[in-house]
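Worksheet for the structure shown next.
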Amino acid sequence: MIGAPVVLAIETSCDETAVALLRAPGELLAAEVASQIELHNRFGGVVPEVASRNHLLALRPLIERALREARVGLEAVAGLAATAGPGLATSLMVGFSAAKGLAVGLRKPFFAINHLEGHLLSPFFGGPVETCVALIVSGGHTMLVEVLGAGKYRLLGRTRDDAAGEAFDKVAKLLRLPYPGGPEIDRRARAGNAGRFPLPRSMIDSGDAAFSFSGLKTAVRYLLPKLDLEGEQTVADVCASFQEAVVDVLVAKTIAAARQCGRKLVTVSGGVSCNSRLRERFREACAANGLELRLAEPALCTDNAAMIAFVAAGRLERGEEPSPLTAEISPNLAL
Ligand code: KG4
Ligand code: ZN
């Protein structure tokens with residue numbers, strides 16, 4: 001739509017440098033992600049100082065590339081946005097400062113965006129936000145939220161220890177698979193027998209929306225010394241058994257929460273929602289329970305700037321007050 005405002009958003013909450021240009025409400029003009037996975041793979045996880053330094057190196061060329069791809073100049077940008085938190089302080093600071101600097105230079109409004117709201121609304125990308133029960137499953141977070149409208153969220157429950165993605169990454173490390181572990185386990189599990197190793201489904205019947213995944217990780221750790229990890233089939237069976245345990249809990253608790261809240265729509269977002277088994281099981285369970293399901297597009301599941309731009313575009317369109325330029329990053333920001 002010509003005339004609709006263009007938002008430039010930057011996301012640097014962890015190890016992904018991402019820039020997006022979005023013409024409201026949902027025309028993605030450019031979406032660039034520079035992944036540091038290769039770099040952090042050497043250390044088996046994200047090293048904050050390394051991530052921060054690389055955001056600094058990657059960001060300017062990435063913004064220039066996004067503008068070229070979108071075929072717009074900076075003068076076309078009506079608003080700037082950046083992730084304020086939660087995330088790694090030294091990473092957040094890079095994208096946040098850059099977006100604020102651009103906003104000052106261009107004399108355009110700046111929006112400080114909550115990363116979790118970015119994930120939360122990504123299943124609605126380009127369309128209106130609807131009331132639902134939403135599961136966010138990423139490397140840093142596992143939570144159930146009731147969405148009452150744009151900006152109106154009620155936290156139902158969250159993990160008491162590890163996030164689901166963190167459990168995937170830690171179990172992959174135990175299996176000596178590359179970082180990040182989620183996609184590796186997903187791929188290997190396809191050839192595995194999910195019933196071979198009985199693993200705990202922690203808190204599946206707790207009657208609330210809280211999660212716990214550290215016991216499952218520990219159960220895998222105790223199981224591994226008894227196995228020959230040189231055998232590809234054994235590794236595939238561990239991956240499938242572990243993945244099924246995680247998915248069982250996520251599906252059961254989300255369906256129970258939707259029922260308790262009386263909501264007819266379920267959404268799932270965040271990096272772990274890329275998982276092929278999780279997507280399949282949610283489709284089956286929602287159909288069996290008469291619920292509608294909205295999954296984030298795979299490209300919008302893992303960290304990206306398009307989801308940040310989408311939240312900011314909504315604020316701009318509703319005429320909401322921009323963030324003050326004195327706004328600071330907030331590494332522990334809650335939803
Ligand atoms: O949303 P995200 O990019 O970053 C955070 O905000 O944390 O999520 C990253 C997490 C990692 O733990 C990664 O292993 C997991 O998402 N992940 C997956 C898959 N793809 C990414 N987990 C399971 N299956 C996948 N296919
Ligand atoms: Zn994320």
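For the single chain, residues carry numbers from 1 onward in sequence order. All ligand and atom numbering here is 1-based and tracks the order in the structure.
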Between [Y] and [X], is the closest basic N to carboxylate O distance under 4.0 Å?
| X | Y | result |
| --- | --- | --- |
| Glu117 | Arg315 | yes |
| Arg283 | Glu280 | no |
| Glu292 | Arg294 | yes |
| Glu69 | Arg65 | no |
| Asp186 | Arg190 | yes |
| Glu166 | Lys170 | yes |
| Asp248 | Arg281 | yes |
| Glu64 | Arg68 | no |

Counting from 1, what ligand 1 atoms have a heavy atom of [X] closer than 4.0 Å?
| X | value |
| --- | --- |
| Cys301 | 1 (O) |
| Gly165 | 12 (O) |
| Gly140 | 7 (O) |
| Thr302 | 3 (O) |

Query - Beyond-backbone contact of Ile63 with Ile10, side-chain heavy atoms, under 4.5 angstrom - result: yes
Report task. Please work out which of the three classes, parallel, tilted or perpendicular, describes the rings of Phe168 and Phe242, given edges at 30° and 60°. Result ->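 Perpendicular.
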**Report entry** Parallel, tilted or perpendicular: rings of Phe213 and Phe211 (30°, 60°)
**Finding:** parallel
Query - Protein N/O/S atoms closer than 2.8 Å to the Zn ion (ligand 2) - result: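 The answer, once waters are left aside, is His115 NE2, His119 NE2, Asp303 OD1.
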Give me the nearest non-hydrogen protein atom to [atom] as residue plus atom name, then the distance to 0.1 Å.
| atom | answer |
| --- | --- |
| atom 7 (O) of ligand 1 | Gly139 N, 2.8 Å |
| atom 2 (P) of ligand 1 | Asp303 OD1, 3.3 Å |
| atom 18 (C) of ligand 1 | Gly182 CA, 3.5 Å |
| atom 26 (N) of ligand 1 | Asp186 OD2, 2.9 Å |
| atom 24 (N) of ligand 1 | Asn275 ND2, 3.0 Å |
| atom 21 (C) of ligand 1 | Gly271 O, 3.3 Å |

Query raised in the report: What's the spacing between Leu278 CG and Glu244 CD if we round to 0.5 Å?
Result: 10.0 Å
Measure [X] to ligand 1 on non-hydrogen atoms and call it side chain, backbone, both or neither using the 4.0 Å cut-off.
| X | answer |
| --- | --- |
| His115 | side chain |
| Ala164 | neither |
| Asp169 | side chain |

Under 4.0 Å, counting heavy atoms only: does [X] come that close to any atom of ligand 1?
| X | answer |
| --- | --- |
| Pro183 | yes |
| Ala172 | no |
| His119 | yes |

Query raised in the report: Taking everything shown except Arg279 itself, do over 12 heavy atoms lie less than 6.0 Å from its CZ?
Result: yes
Query raised in the report: Is it true that atom CZ of Arg158 has more than 12 heavy atoms of other residues, nucleotides or ligands lying nearer than 6.0 Å?
Result: no
